[in-house]
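Below: one structure, written as structure tokens.
Order of listing sets the numbers, starting from 1, for every ligand and every atom in it.
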Amino acid sequence: MFKKEIKKQKKIKSTKAEKPKQLQSPKGMHDILPGDQIWWDEMRKISADIAQFYNFSPIETPVLEQVELFERSVGTSTDIVEKEMFTLKTKGGDRLVLRPEGTASIARAYIEHGLSHMPQPLKVWYAEPMFRHESPQAGRFRAFHQTGFEIIGGNIDALFDAQIILSLHRFLEAANIKSLTIQINSIGCKVCRPNYLKKLINYYKDKTKKLCNDCRNRLEANPLRLLDCKKETCVPIKADAPSLLDHLCATCKDHFKSVLEYLDELGIIYTLNPYLVRGLDYYSRTVFEIFSDASPLALAGGGRYDYLIELLGGQPTPGVGGAIGLERVIEAMKAANLKPNVKFKPTIYLVHLGDVAKRKSLKIIEMFRSSGIRVKESLGKDSLKNQLRSADRERANLALILGQKEVYEESIILRDLDSGTQESILISKVVEEVKKRLR
Ligand code: AMP
């Protein structure tokens, strides 16, 4: 009885002492820590510059959408809808999904808000997180960020296809990524694709035993995807498959030719890839992906989607768009030893010595605020050495040093951190003096 009691007590003690389990971010999802923000500032800056230059307006859509949106647009037999959606059921019984891509949401918003009544085509861009339940590996995450550009409405004009490809290409050039390759293809339209698909299914029909499981399952539901398969078993078989480009109708041929002519005119080099089909059902005609030499994974991709708006209940409306994977761009930049090109604004750093000075610090910072000058500080640190080290890390140009003596004399030391020279200035004059130096 006594022994049992001791055992029980020990058990309680050991449970009490157990350290709580350390929590981690969900698999394939990452924190972007302060030290890495400089890369994301760079991505935001390039996105906004490109969007502004090519006249795209920003658009934001909810991170959650109805499951049906992607089932109807991306397609039920695609990897995204079949395997990769993060779905949830709300307390009210709605089936929602964390947005796996941006185009379908924008198409939904276009219909829902009557954006066809605005000047056409509508040119919009976004930079948002996307979620796909994939097997995480290098360059492939479950939460990742895309910057995307879409041109919806107006005519089916090859100029718009070229402008989307150009915008994405210029984005990657602005990130200094070298050796870019654009792979491009046309997957035809409602008129020519059914005939091609019949031929494709016919070609594969007596080869099913040699195909991988995915391809065997997709042969009826989504035969185009067989051209996309990279498995060893399937690659040699697809080499002899009928080519999409040989089966385009006259209108699709003309459109594709015209897209290529625009790219030629711009001096943008591309490679024709008759096997490129992309993983989403809504594409028609032009599809493309952009690669760099450094990785077999695409940095960007997109295409035309002339049936998407209609598929979602709108009037027949053409569209074309593309998106860049920002994590992959940052990785490519890091791999090539590139640094973000962010220009540093002159930085002022306030250093305080002692409690009296600390108390005065917030007021001094406020004096600069009304003049639009940002002052950095590390008010949580007391030692001069640590504060100067922080100033150095922040690449500050000027330091304002405030000690007890200065507070009593209503002055402050202004130190030029590049030259090391310093002088004492009246607090009432310091903002003007700093402004003068920044000029
Ligand atoms: P998509 O929406 O599939 O056309 O993809 C456009 C771009 O987003 C790709 O070229 C990649 O750069 C990026 N991307 C797509 N899926 C992922 C993922 N799971 N992890 C990281 N980046 C991705």
Quick test: of every protein heavy atom, which one is nearest to [atom], and how far off is it to 0.1 Å?
atom: atom 14 (N) of ligand 1; answer: Phe144 CE1, 3.6 Å
atom: atom 20 (N) of ligand 1; answer: Phe141 N, 2.9 Å
atom: atom 13 (C) of ligand 1; answer: Gly325 CA, 3.5 Å
atom: atom 6 (C) of ligand 1; answer: Gln146 NE2, 3.3 Å

ask   = Any N or O on Ala323 sitting closer than 3.5 Å to an N or O of ligand 1?
value = no
request  = Report yes if Ile324 has an N/O atom closer than 3.5 Å to an N/O atom of ligand 1; otherwise report no.
outcome  =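 Between Ile324 and ligand 1 (N or O atoms, distance only) the closest approach is not under 3.5 Å.
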Salt-bridged, [X] to [Y], with N to O below 4.0 Å?
X: Lys199; Y: Asp246; result: no
X: Lys45; Y: Asp41; result: no
X: Asp36; Y: Lys334; result: yes
X: Lys238; Y: Asp240; result: no

Asp31 side, atom CG; Gln24 side, atom CD - distance, nearest 0.5 Å = 10.5 Å
Give the numbers and elements of all ligand 1 atoms closer than 4.0 Å to a heavy atom of [X].
X: Arg278; value: 1 (P), 3 (O), 4 (O)
X: Ala300; value: 10 (O)
X: Leu299; value: 10 (O), 12 (O)
X: Gly139; value: 20 (N), 21 (C), 22 (N)
X: Glu134; value: 16 (N), 18 (C), 19 (N)

query = Have Glu150 and Tyr305 got a donor and an acceptor in their side chains that come within less than 3.5 Å?
reply = yes
inquiry  = Distance alone, cut at 3.5 Å: any donor-acceptor contact between the side chains of Lys198 and Asn195?
reply    =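 Their side chains do not contain a donor-acceptor pair, so the 3.5 Å distance test is not met.
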query = Nearest non-hydrogen atom to atom 3 (O) of ligand 1 belongs to which of Gln137, Arg132, Met130, His133?
reply = Arg132
key: Pick from Arg142, Arg328, Arg140: the one approaching atom 22 (N) of ligand 1 most closely through a non-hydrogen atom   = Arg328
inquiry  = Ser105 and side chain to side chain donor-acceptor pair (under 3.5 Å): which single residue from Arg99, Glu128, Glu65 fits?
reply    =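 Exactly one option meets the side chain to side chain donor-acceptor pair (under 3.5 Å) with Ser105, and it is Glu65.
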Glu310 atom CD, over 12 foreign heavy atoms within 6.0 Å =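 Atom CD in Glu310 is packed in, count exceeds 12.
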ask   = Can you tell which part of Ala298 has a heavy atom less than 4.0 Å from ligand 1: side chain, backbone, both or neither?
value = both
